[in-house]
Amino acid sequence: MAEEKIEIYDIMACNVFWNFPNTGLPQEQHKFLVAFHPTGGRPVPELIESIKAKGPEGYEQEIANQTFTAANCNGHIFDRTTNSHWYMLNLPTGFMKEGEYTIEVTGKDGIVRTMSRVQKDAPGQALIKAYKQVEDDIHGSYRPANGSQLADGTPLKDIEVTWKPLSELAGQDAYYIFRLSEGRNAKEFDTQNLAWWDNIFLQRFTTDPEAGLNRAGVTITNELKPDTSYCHFTEITDSNAMGDTNMCIFQPHQTFRTAARVTQGNEAEATTN
C-alpha cells in the first residue's frame, strides 16, 4: 500500500456574487477553497493541522478543520465521486482585493504545502454586468420549471435540466456548474450529500478542456428516487479551472419533484383502474 500523503489538487481564491434570496447576507462576498487528492490512507481531515489563506496587505483567514455546513460556511466537504475532500470558506465581507493569494496547508507531519493564484477584478465584473442584465430571463428559462412535478412515466435516470446561458441572452461567455440534492427548498439543500453534480473541474482534465463553457443544460446520469423533491442550483464562473477563477455567481435554488409512477406497466394500470 502506498504511503498516505497530503497533496493539493487545486485552489480557489475568488469573489462570489451571492444571489441567494432572503438570507440577510450581502451579495458581494469572497471564498477560499482547497481541493485535495485522495491520500492513499486516512482521510485528509485526520492528517491536517491547519489551513490558512493569505493575501495582500497582511490579509489572513483560517479555514476550519470541521464539517462544512450551511450555517458555518467553513470546513470540509467530502466528494464521493472522487473519494476526496474539499475545504471551503465563504466570507460575507465584500469582494477581495486584486493580488496574489496563497493557501497554506500544514499537516500533522509538520510539512507545509502551499499553492497560490492571482485574483483579477475585470473578468468578474464583466460576468456580473452581463448576469444582472438578464438574471430574470435565465432563472425563468429553466426546464423543468421551478416547482415542477415531473409527469408520470418520466424516467428517473437521464433527466435533462436545461436553461438559456449568458452567451445566448447577453453575449457573455461563462462556465456552468450544476449541483443537485434531495430537498424541497434551499434550506434542505445538502452540500454534503449531493445526488449528482457536474464536475467541470475534473472534466477539464479528463475529457473536455472546455467543459462547462456556455453549457445550456445537463443530463443527470444518476438514477433518482421516485416521487421525491430535488433542489438544485447552477453556479456561473469565468473559468473551469479552480486556480483561474475570479468570480462565482451563486444563482437562486430551483426545485422539481420526480414522477410518482415511472414504468409503462404502472401507467397502464392507472388507466384501467
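Numbers here are sequence positions counted from 1. This is a predicted model, so every value here is computed, not measured. What's counted below: heavy atoms across the whole structure, side chains too, no hydrogens, waters or symmetry copies.
- Nearest heavy atoms, Asp158 versus Thr221: OD1-CA, 3.7 Å.
- Classification of the His253-Phe20 ring pair by plane angle, with boundaries at 30° and 60°, yields tilted.
- The number of heavy atoms from other shown groups lying within 6.0 Å of NZ (Lys108) is above 12.
- Under the 6.0 Å cut-off for aromatic ring centres, Tyr87 and His76 qualify, their centroids lying closer than that.
- Of all non-hydrogen atoms in Phe201 and Asn240, the two that sit nearest each other are CD2-O, 3.2 Å.
- Remark: side-chain polar atoms of Arg257 are paired, donor with acceptor, to backbone N or O of Asp227 under 3.5 angstrom.
- Lys164 is not listed as a side-chain neighbour of Val134, based on a closest heavy-atom distance of 4.5 Å or more.
- No side-chain donor-acceptor contact under 3.5 Å links Tyr9 and Thr82.
- Phe189 and Val16 fall within a single hydrophobic cluster, where Ile, Leu, Val, Met, Phe, Trp and Tyr side chains are chained together by heavy-atom contacts under 4.5 Å.
- Relative orientation of the Tyr101 and Phe32 rings is tilted, given thresholds of 30° and 60° on the angle between their planes.
- Side chain of Thr228 to backbone of Pro226: a donor-acceptor contact under 3.5 angstrom is found.
- Between Trp197 and Trp86, the two ring planes are perpendicular [angle over 60°; tilted spans 30° to 60°].
- The backbone N or O of Arg184 sits less than 3.5 Å from a side-chain atom of Glu188, completing a donor-acceptor pair.
- Sparse packing is recorded around CD of Glu210, with 12 or fewer heavy atoms of other residues, nucleotides or ligands lying under 6.0 Å away.
- Tyr175 places a side-chain heavy atom less than 4.5 Å from the side chain of Leu213.
- With Glu104 contributing its side chain and Val112 its backbone, the two residues share no donor-acceptor pair below 3.5 Å.
- Applying the salt bridge (charged side-chain N to carboxylate O under 4.0 Å, His left out) test to every pair with at least one member in residues 58-76, sequence neighbours left out, gives these pairs: Lys52-Glu60.
- With rounding to the nearest 0.5 Å, the separation of SG in Cys14 from CG in Asp238 is 8.0 Å.
- The nearest pair of heavy atoms linking Met242 to Met12 is CB-CG, 3.4 Å.
- Of the possible polar contacts, one joining the Arg80 side chain to the Leu194 backbone as a donor-acceptor pair under 3.5 Å is found.
- Residues Gly94 and His30 approach most closely at O-ND1, 2.7 Å, considering heavy atoms.
- With hydrogens and angles left out, the side-chain atoms of Asn246 and Asp121 include no donor and acceptor closer than 3.5 Å.
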### Verdict with supporting geometry, Asp244 and Arg117, salt bridge (charged side-chain N to carboxylate O under 4.0 Å, His left out)
CA-CA 7 Å; Asp244 293 337; Arg117 72 165 303 267; 5.8 Å; no

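- At distances below 3.5 Å, at least one donor-acceptor pair connects side-chain atoms of Ser181 with backbone N or O atoms of Asp190.
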